[in-house]
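All ligand and atom numbering here is 1-based and tracks the order in the structure.
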Amino acid sequence: MTAASTRMPSRPQAVWSAGRADLDGLPDAWGVNIAYEAVDRHVKHGHGDRVALRCLRADDLVRDVTYADLSRASNRFANALRRLGVGPGDRVFLLLGRVPELYVAVLGSLKAKAVVAPLFSAFGPGPVTQRLRLGDGRVLVTSADLYRRKVATSRGDLPALRHVLLVDGPAGDSAGRGDSGDLADAGVAALPAVLAAERDEFEIPPTDPEDMALLHFTSGTTGTPKGAVHVHEAVVAHQATARAVLDLRPGDIYWCTADPGWVTGTSYGIVAPLCVGATVIVDEREFDVGRWYATLAAHRVNVWYTAPTAIRMLMRAGAARAREHDLSALRLVASVGEPLHPEGVTWGEEAFGHRIHDTWWQTETGAIMIANVPGMDIRPGSMGKPVPGIEVAILALGEGGRAAVRHGAVTEIVEPDAVGELALRPGWPSMFRGYLHAEERYEACFAGGWYLTGDLARRDADGYLWFSGRADDVIKSAGHLIGPFEVEAALLEHPAVAEAGVFGVPDPIAGELVSARVSLRPGYEPTAALRRELIGFARKRLGAAVAPKFLDFDQQLPKTRSGKIMRRVLRARALGLPEGDVSTLDQPGGAS
Ligand code: PRX
């Protein structure tokens with residue numbers, strides 16, 4: 001091992017300078033705005049007729065939205081925000097499924113220099129209102145049903161929330177004011193009526209590349225969710241990685257299956273593909289093996305960005321199902337979000353004639369950092385190598401299982417194949433600029449000149465990186481990052497629960513499933529009925545994607561001397577593993 005180097009290579013910066021030069025920039029040198037790069041410049045260059053969004057609706061209809069349509073619609077949205085008094089830096093939250101209005105709202109907000117904060121529409125009312133509160137949400141764009149089920153009852157706790165725009169109603173008057181029943185709260189309006197009243201033209205104001213553009217909530221081991229702040233400059237990395245990693249070209253048909261409520265669905269479901277002038281498939285419906293293959297074939301998808309959970313579900317159905325379809329248009333299949341096991345990589349070859357390219361990144365990194373880029377020799381199970389412009393280190397671990405920091409310094413492991421904490425040299429354009437209202441948590445992510453990812457990995461002698469697990473207790477279930485603290489807090493709201501510990505257990509399809517152990521207050525019996533009640537209670541608050549799938553009772557939850565519940569010991573107990581050796585528990589489906 002050697003001491004951490006302090007060298008600041010010039011090559012990475014040169015890569016990003018070239019990436020910056022590849023953007024148009026706002027007219028009259030007014031800066032850089034993501035929405036301009038993603039939409040308006042294509043119209044300016046004469047490509048307004050190209051299809052930007054191919055929307056596959058739940059009713060089976062297909063609706064195409066051209067770049068010119070999207071430019072006009074987002075202009076109307078930006079004008080509407082201005083009319084509502086929503087300005088630069090104000091937060092616009094989105095709680096929507098995969099519908100075209102979502103894209104219009106994202107791009108229109110960015111044009112108006114408001115900050116876009118996506119929410120996962122499968123979250124229950126608890127996570128939704130908590131994030132709205134933490135992010136000072138001023139506008140919420142959603143549907144009448146989602147608003148009724150997830151926000152309406154907490155409206156009184158959200159004083160900053162001034163405007164709710166419903167994509168499907170209520171029926172409003174020409175000024176867009178809603179007037180029906182329980183939706184008549186102040187500020188609830190019908191988005192179609194609001195947009196109809198606006199002009200098609202909007203001049204994007206000067207935008208500093210460092211202006212805040214996106215706010216993505218993510219979870220840590222403890223405390224409330226963290227709002228990772230991203231700026232307009234991030235578009236440099238989105239465009240560069242779209243080309244270098246996803247091999248996206250103008251006019252390509254591209255499908256990113258990630259939900260737009262998470263960072264992948266925004267960075268690579270909206271910004272990156274539109275920047276390169278691709279046509280984005282927007283599929284309103286949920287996963288279905290037959291329909292997914294039919295979609296790839298019917299729309300002649302060229303580049304497909306998906307996730308290991310989906311790949312495992314497709315694998316279960318058998319490669320023959322894929323071969324029933326003409327997938328000859330597919331040029332590249334890539335994966336992200338959780339470990340892609342080696343069998344998944346090679347199965348791609350059997351099913352589509354292409355090995356699947358694994359990529360690695362995080363909410364905080366904003367864009368792909370490590371990848372199996374096109375043309376590279378893929379080693380099944382490896383995340384690949386750092387993309388151009390990114391410098392990576394493996395740092396020696398300390399007692400807590402994270403990188404050891406002594407007097408502000410860390411130790412870089414240079415010999416191959418030793419597991420340590422994966423770290424990145426700060427300075428890439430899409431790096432988060434902070435956690436909203438949480439400066440200390442942000443500072444804690446850096447040591448010795450590195451950004452510490454919280455992931456454990458090793459690098460082989462040829463520079464390939466291999467994921468070996470998380471250094472903390474966060475759970476990855478079906479690609480969704482779940483903070484155990486948030487689940488524990490919801491369980492503790494139930495009068496029967498004295499203490500709760502939440503952890504992930506391996507699952508062959510979802511990677512991990514959320515599991516809980518609780519101790520009960522006096523007077524409560526650990527019955528099957530109470531177990532069902534507690535799971536139902538958590539589901540109602542958190543939503544099915546986040547709530548525990550399993551729950552057990554334990555009056556002696558294992559704790560550290562300071563009284564912290566030891567989630568890793570709980571996990572070991574649940575799996576029947578020796579409790580003393582919890583550090584070696586690998587992620588399920590782990591690539592190493
Ligand atoms: O643990 C890593 C895992 O997902 C985490 C980031 O999750 P999130 O912030 O929700 O970002 C989603 C956008 C990618 C990482 O810290 N992860 C991501 N990609 C991979 C992965 N684990 C293994 N292999 C990957 N390719």
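Residue Val263 approaches ligand 1 through these ligand atoms, each under 4.0 Å from one of its heavy atoms: 12 (C), 13 (C). Atom numbering of ligand 1 starts at 1 in the shown order; those under 4.0 Å from a heavy atom of Thr359 are 19 (N), 25 (C), 26 (N). The ligand atoms of ligand 1 that sit less than 4.0 angstrom from a heavy atom of Gln362 are 6 (C), 9 (O), 11 (O), 15 (C), 16 (O). Heavy-atom proximity to Asp358, at under 4.0 Å, picks out these atoms of ligand 1: 26 (N). Each of the following atoms of ligand 1 lies closer than 4.0 Å to a heavy atom of Arg470: 1 (O), 16 (O). Near Asp455, meaning under 4.0 Å from any of its heavy atoms, are these atoms of ligand 1: 1 (O), 2 (C), 15 (C), 16 (O). Taking every non-hydrogen atom of Thr363 and a distance limit under 4.0 Å, the qualifying atoms of ligand 1 come out as 8 (P), 9 (O), 10 (O), 11 (O). Remark: ligand 1 atoms within the under-4.0 Å shell around heavy atoms of Val336 are 14 (C).
The closest approach between a heavy atom of Thr453 and any atom of ligand 1 is not below 4.0 Å.
The shortest N or O to N or O distance between Thr264 and ligand 1 is not below 3.5 Å. Between Trp262 and ligand 1, a contact under 3.5 Å exists for no N or O pair.
Between the side chains of Tyr268 and Thr241, at least one donor-acceptor pair of N or O atoms lies under 3.5 Å.
Taken to the nearest 0.5 Å, the CE atom of Met212 stands 9.5 Å off from the CG atom of Leu214. Here CG of Asp455 is found 6.0 Å from CG of Leu422. Values are rounded to the nearest 0.5 Å.
Geometrically, Lys385 engages Tyr464 in a cation-pi contact defined by less than 6.0 Å to the ring centre and at most 45° from the axis. Relative to the ring axis of Trp466, Arg459 does not place its NZ or CZ within 45° and under 6.0 Å from the centre.
Using a 4.0 Å cut-off between heavy atoms, Trp361 contacts ligand 1 through both its backbone and its side chain. Using a 4.0 Å cut-off between heavy atoms, His480 makes no contact with ligand 1 at all.
Of the listed options Pro339, Gly337, Ser219, Ser382, Gly337 places a heavy atom closest to atom 17 (N) of ligand 1.
Nearest heavy-atom pair, Gly511 versus Glu338, reported as atom, atom and distance to 0.1 Å: CA-OE1, 4.3 Å.
Judged by distance alone, with hydrogens and angles left aside, the side-chain atoms of Glu486 form no donor-acceptor pair with the main-chain N or O of Ser219 at under 3.5 Å. At least one donor-acceptor pair closer than 3.5 Å links the side chain of Ser267 to the backbone N or O of Gly366.
With sequence neighbours excluded, the residues that form a salt bridge (Lys or Arg N to Asp or Glu O under 4.0 Å) with Asp247 are Arg249, Arg331.
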